[in-house]
Undergrad: 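The structure follows.
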Amino acid sequence: MTASVPAAAPVSPPVVPVPRAERAPGGRDPFVDVLRVFGMALVVLQHWSMPVLSFAGDRIVTGNALAWGNAWAITWISQVMPLVFFAGGAAGAISRRRAARRGDAPATWLAARVRRLAWPVLPLAAVWVPLPHLLTALGIPEQPVATASRLAGQLLWFLVVYLVAVAATTPMLRLNAAYGWRVPAVLAAAAVAVDVLRFAGDLEVAGLPNTVLVWLAVYQLGFLYADGRLTRPWAMALGGYGTAAALVAFGPYPASMIGMPGAVSNMAPPTVALLAVGAGQIGLALALRRWIVSLARWPGVARALGWASGRMMTLYLWHMSALFVIVSVVVVGLGVSTPEPGSPAWTSGWPHWLLLLSLAMWPLLRGFTRFETPPAGGPSTGGPVRAATATVLVGLGLLTFTVAGFVPGVVPVIGTGALVAGLALTGPLTRTARSSTIG
């Protein structure tokens, strides 16, 4: 079947991104699968390990364990969102090119991706829109409920930006085919200009464009990987981390790659320092690629990857809910505060804390993994306008949750309505199809 993309504007150059001998059954790249699973697992581990919590006078006080001492150095590895976007870019390129070979129109592919991305959020909204009202009615103090409700929605920032990247995949693949390395270079240069404006004028809001520029630059590097163009990983690793070190040492950038209380953030919005660390992480991962692929072939590891790949979105969307359950019992209910980070009490208690959180997470995985992929029928035939409208509505719904959370009021209801309306435009929903949500 003839691909829907005109020959004059090819989706990709004629290269083989991954040797067939290194591909898993079905044409998947095990390296990309490992990065996605590793990235999500490390995000959850970091979110579960960071909170420093105490409760007194009906108020919960929060701190960050990574703000103590030199713990900021951990974030140069543990802040793995660059790896997640890089792996997403590689997976998006592979998926879009495969769809083009089948003859699927860009709008058809986009509608399917938007549906898969947004569907797992529906049960989260169904639970969290009424939950704060219920908890307050049961006598839980208002401030902890509002804090949890807000944080449960803030997690969705990732899906908002990822949705932008998915929507931009087809035109950015054309740019990649025509200009290659120049595309992420231009995005990085634009990010530098945004940072100059932000820090020179002391305007935090001026940094907001980097929420798109930085993550699209990393996503675009995934295209280059899919093309087999990232051939000097150690140079990339040393250059990325070296640039980040120079920016932190001589520039206005903080050392931590996550937001810290009372400090400028490299993460919200992202800075070129975080982009440099991302390049270092990607280079390091590529340098270890052969070892990673060999490890992924081990039967036990392969089974674990298969199990985790089908639960990534569920784990991401619900891991903070598991945290809230344990906090409500241990910190709010029993009045047990987090020990000082790095102290013997904190170090010895950390494995027990993770065990409690894992136990709370298990029933959530059992209950909500079924929503990992949507019911799927035939492809959407509504054309580009319908696909674009669906994407905008879903994006508005996710953005509403990101900004306002699920704090009681009409705003989360409006966000849910936009999400449902967008999903309704993505095509027929009649049967279940097994596939990973991101990628």
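Values below: every heavy atom of this structure, side chains too, minus hydrogens, waters and symmetry copies.
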Undergrad: Apply side-chain contact (heavy atoms from CB on, under 4.5 Å) to Trp318 and Met361, showing your working.
TA: CA-CA 8 Å; Trp318 290 95; Met361 188 70 224; 3.6 Å; yes
Undergrad: For the residue pair Trp109 and Ser95, confirm or rule out a side-chain donor-acceptor distance under 3.5 Å.
TA: yes
Undergrad: Apply side-chain contact (heavy atoms from CB on, under 4.5 Å) to the pair Ile258 and Trp72, showing each step before the final yes or no.
TA: CA-CA 8 Å; Ile258 63 173; Trp72 59 265; over 6 Å; no
Undergrad: Does the separation of the ring centres of Phe401 and Phe406 fall below 6.0 angstrom?
TA: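 Judged by ring-centre distance (under 6.0 Å), Phe401 and Phe406 do meet the cut-off.
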Undergrad: Could you report the tightest heavy-atom contact between Ala322 and Leu364, atom names first, then the distance?
TA: N-CD1, 3.8 Å
Undergrad: So do Leu274 and Gln79 actually touch side chain to side chain, heavy atoms under 4.5 Å?
TA: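 Result yes, sub-4.5 Å side-chain heavy-atom pair found.
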Undergrad: Between Thr314, Thr369, Leu317, which is the residue that forms a side chain to side chain contact (heavy atoms under 4.5 Å, CB included) with Pro120?
TA: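 Only one of Thr314, Thr369, Leu317 forms a side chain to side chain contact (heavy atoms under 4.5 Å, CB included) with Pro120, namely Leu317.
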Undergrad: May I ask you to check whether Trp291 and Phe31 place their ring centers less than 6.0 Å from one another?
TA: no
Undergrad: Looking only at heavy atoms, what is the nearest atom pair of Leu35 and Ala87, with distance?
TA: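 Looks like CB-CB, 4.0 Å.
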Undergrad: If I compare all heavy atoms of Leu393 with all of Gly422, which pair ends up nearest, and what's the gap?
TA: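 That closest heavy-atom pairing would be CB-CA, 3.7 Å.
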Undergrad: Verify side chain to side chain donor-acceptor pair (under 3.5 Å) between Arg96 and Thr170, making sure each step is shown before the conclusion.
TA: CA-CA 7 Å; Arg96 176 67 197 111; Thr170 297; 3.2 Å; yes
Undergrad: Should the heavy atoms of other residues, nucleotides or ligands under 6.0 Å from CH2 of Trp181 be counted, would the total exceed 12?
TA: yes
Undergrad: Quick check: closest heavy atoms across Asn64 and Gly259, and the distance to 0.1 Å?
TA: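 Answer, listing the atom of Asn64 first, then Gly259: ND2-O, 3.7 Å.
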Undergrad: I would like to know whether Arg113 and Thr169 meet side chain to side chain donor-acceptor pair (under 3.5 Å); could you show each step before the answer?
TA: CA-CA 11 Å; Arg113 304 289 283 193; Thr169 295; over 6 Å; no
Undergrad: Rounded to the nearest 0.5 Å, how far apart are CZ of Arg229 and OG1 of Thr231?
TA: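 Going from the CZ atom of Arg229 to the OG1 atom of Thr231 covers 11.0 Å.
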Undergrad: Hey, what do you get for CH2 (Trp215) to CZ (Phe85), rounding to the nearest 0.5 Å?
TA: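 Nearest 0.5 Å value for the CH2-CZ distance: 6.0 Å.
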Undergrad: Minimum heavy-atom separation for Pro270 to Asp195, with atom names?
TA: O-OD1, 4.3 Å
Undergrad: Flag the pair Glu372 and Arg311 as a salt bridge only when some basic side-chain nitrogen lies within less than 4.0 angstrom of an acidic carboxylate oxygen.
TA: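 Salt bridge flag = no for Arg311 with Glu372.
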Undergrad: Measure the spacing between CD1 of Ile74 and CG of Leu42 and express it to the nearest 0.5 Å.
TA: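 The distance works out to 10.5 Å.
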Undergrad: Enter the distance from Trp76:CH2 to Met257:CE here, rounded to the nearest 0.5 Å.
TA: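 If I round to the nearest 0.5 Å, the distance is 5.0 Å.
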Undergrad: Ignoring hydrogens, what is the shortest heavy-atom contact between Ala273 and Asn266? Give both atom names and the distance.
TA: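 Taking every non-hydrogen atom into account, CB-OD1, 3.8 Å.
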Undergrad: List the steps, then state whether side chain to side chain donor-acceptor pair (under 3.5 Å) holds for Thr211 with Trp157.
TA: CA-CA 10 Å; Thr211 305; Trp157 76 264; over 6 Å; no
Undergrad: To the nearest 0.5 Å, what is the distance between CG on Leu295 and CG on Leu288?
TA: 11.0 Å
Undergrad: Can you list the steps and then say if Tyr316 with Val44 is a side-chain contact (heavy atoms from CB on, under 4.5 Å)?
TA: CA-CA 7 Å; Tyr316 181 78; Val44 172; 5.6 Å; no
Undergrad: About how many Å separate OH of Tyr225 and CG of Leu230, when rounded to the nearest 0.5 Å?
TA: 9.0 Å
Undergrad: Would you mind listing every side-chain hydrogen bond (donor to acceptor under 3.5 Å, both in side chains) that reaches into residues 41-51, with sequence neighbours excluded?
TA: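 Sorted pair list: Gln46-Ser78, His47-His319, Ser49-Trp350.
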